[in-house]
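Lettering follows sequence order; numbering is per chain, from 1.
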Number of protein chains: 2
Amino acid sequence: MARPLRKKQIPHLQEAIKEAAWKQIAEFGAPALSLRAIARELKITAPAIYNYFPDRDALVTALIIDAFTSFGDWQIAARDSVSEDDHAGRMKAIGLAYRNWAHTFPQRYQLIFGTPIPGYEGPVEKTLPSSARSLSALVSVVEGLRVAGKLNVDTFPKVKAEYKLSFEMWKTHGGEADILSLSVAMVIWSRVHGIVSLEIQGNLPPFGAKGDALYLYELASIGRQFIKE
Amino acid sequence: MARPLRKKQIPHLQEAIKEAAWKQIAEFGAPALSLRAIARELKITAPAIYNYFPDRDALVTALIIDAFTSFGDWQIAARDSVSEDDHAGRMKAIGLAYRNWAHTFPQRYQLIFGTPIPGYEGPVEKTLPSSARSLSALVSVVEGLRVAGKLNVDTFPKVKAEYKLSFEMWKTHGGEADILSLSVAMVIWSRVHGIVSLEIQGNLPPFGAKGDALYLYELASIGRQFIKE
DNA sequence: AGTAATAAGTAAACACTGTATATTTACAGT
DNA sequence: ACTGTAAATATACAGTGTTTACTTATTACT
């Protein structure tokens with residue numbers, strides 16, 4: 001039996017493979033992801049997967065892109081739930097959505113920002129569009145602050161010209177924004193990522209800290225530091 | 001030949017195994033760590049390693065403890081290179097040492113704060129002493145600020161009583177400190193970790209940001225926010 | 001309608017991995 | 001000299017990603 005009847009086949013096998021992969025990642029964690037285990041669950045043989053993904057890394061890349069897209073959706077939706085002129089409100093909404101997504105899908109967060117897949121080296125050129133979009137909500141709000149003259153960057157370091165190249169790359173995927181706004185967004189991003197990643201990885205609890213209050217405090221700190229008035 | 005002559009044996013095999021492991025981690029990354037590859041390099045067979053470590057996870061745990069210890073040494077040395085009354089200077093010195101260590105040993109940083117080993121679940125009770133010590137330098141400086149009345153915590157959230165239990169655990173390994181100091185240290189830690197981890201993981205470059213200037217800016221931000229005067 | 005081409009699966013095998021078990025043997029203590 | 005233990009090897013098992021060869025359902029073309 002080399003090929004089953006059309007009727008017995010799984011309709012959208014490519015999607016079914018990714019779904020099974022997410023299911024396994026949610027249950028056993030990203031490092032335990034196994035093509036053979038996916039095949040077992042779908043009742044096919046492992047090499048059949050190679051008809052849809054050239055290798056395991058390609059599957060992981062597809063998962064990462066999907067995760068970034070979902071991550072971006074949440075933040076963009078959060079931003080758009082607050083009126084455009086309320087910059088501080090939009091900023092806070094994005095911050096809350098950021099942590100919310102990470103806590104809802106901790107394994108996806110680790111998959112994106114950790115490197116929990118043995119031997120996997122992410123091809124940046126493939127993931128950049130979706131990862132840039134996942135940050136575009138924050139960047140757009142910072143840029144909005146800058147245009148409105150409400151961005152406090154008195155002591156912010158000058159951005160050097162040497163990075164303009166990758167900045168151009170950003171523009172095509174993340175939207176128009178001044179390079180200053182982009183850099184400020186990076187710093188803000190690093191702050192929320194700092195807390196969230198320590199939380200997700202379980203590094204905070206043993207030291208008696210809990211994320212909730214500290215995270216709100218950090219969001220407030222960001223507002224005080226970067227928003228004028 | 002079941003057991004080679006004493007003279008032909010490797011003297012401190014336990015240490016040699018760890019060294020070979022670090023060498024491989026530095027070269028191929030933590031996820032590629034393989035007992036058989038270590039054995040090949042030491043010209044022994046893989047099961048021989050089981051005489052020194054009950055399983056691969058135990059080896060990884062030993063590596064993590066060593067890394068934490070080295071990490072802590074750097075920060076404590078940096079702190080003690082500045083006079084005790086110069087709180088801001090000590091804080092900055094620790095911050096620079098933190099990033100310095102991470103950039104000198106990026107794979108060790110990932111090993112500690114990521115989860116790049118497939119299937120590895122770190123036993124917190126074993127790694128806590130060394131990980132607590134690696135943060136003790138920062139905590140001691142924050143505590144010094146508090147005692148000197150120079151810690152700015154006007155808007156800092158109240159620490160809830162429910163975490164006092166793990167706080168007690170901290171004390172025995174990380175040194176005496178007020179729970180407020182510990183929480184402030186956590187926030188500071190999350191900020192430096194945010195930038196450093198994004199740098200190490202290679203998530204900043206594609207967006208045109210470089211760590212140097214941003215990191216110094218963040219250290220300055222921390223000083224402005226938490227140190228009075 | 002008949003036939004060739006392609007697509008989508010299976011089967012078997014290869015080179016890895018961590019680990020368990022049994023066996024061998026060097027060495028220390030009595 | 002004998003015994004017991006410690007430290008290694010040899011072998012084997014189950015798991016992994018991946019490659020190759022093969023089979024056959026479906027599609028396209030004449």
Rounded to the nearest Å, what distance is computed from the [atom1] atom of residue [X] to the [atom2] atom of nucleotide [N]?
X: B/I17; N: D/dA7; atom1: CD1; atom2: C1'; answer: 11 Å
X: A/L42; N: C/dG9; atom1: CG; atom2: P; answer: 10 Å
X: A/I49; N: C/dA8; atom1: CD1; atom2: P; answer: 15 Å
X: B/L13; N: D/dT9; atom1: CG; atom2: C1'; answer: 14 Å
X: B/N51; N: C/dA26; atom1: CG; atom2: C1'; answer: 14 Å
X: B/H12; N: D/dA7; atom1: NE2; atom2: C1'; answer: 16 Å

Report for the helix from C/dA1-D/dT30 to C/dT30-D/dA1: angle between first-end and last-end helix axes, five pairs each, rounded to 10 degrees. 10°

Where does the angle between the aromatic ring planes of A/H193 and B/H193 fall among parallel (under 30°), tilted (30 to 60°) and perpendicular (over 60°)? parallel

Would B/L59 and B/I38 count as a side-chain contact (heavy atoms from CB on, under 4.5 Å) here? Give the steps. CA-CA 11 Å; B/L59 169 59; B/I38 292 170; 3.9 Å; yes

Any side-chain donor paired with an acceptor under 3.5 Å for B/Y98 and B/Y215? no

When you compare the side chains of B/R79 and B/S140, does any donor N or O come within less than 3.5 Å of an acceptor on the partner? yes

Side-chain N or O of B/Y52 versus OP1/OP2 of D/dA8: is the shortest distance under 4.0 Å? yes

Protein within reach of the bases, or only the backbone? For nucleotides 12-22 of chain C, mark each nucleotide 5' to 3' as B, S or -, using heavy atoms under 4.0 Å. BB---BBBB--

Verdict with supporting geometry, A/T104 and A/W74, side-chain contact (heavy atoms from CB on, under 4.5 Å): CA-CA 11 Å; A/T104 308; A/W74 276 49; 3.7 Å; yes

Atom pair CE (B/M186) and CG (B/L135), whose distance is rounded to the nearest 0.5 Å: 5.5 Å

Please enumerate all residues that pass salt bridge (charged side-chain N to carboxylate O under 4.0 Å, His left out) together with B/E176, with sequence neighbours excluded. B/K171

Could you walk me through whether B/F105 and B/Y109 pass the ring-ring contact (aromatic ring centres under 6.0 Å, His included) check? CA-CA 6 Å; B/F105 309 109; B/Y109 195 85; over 10 Å; no

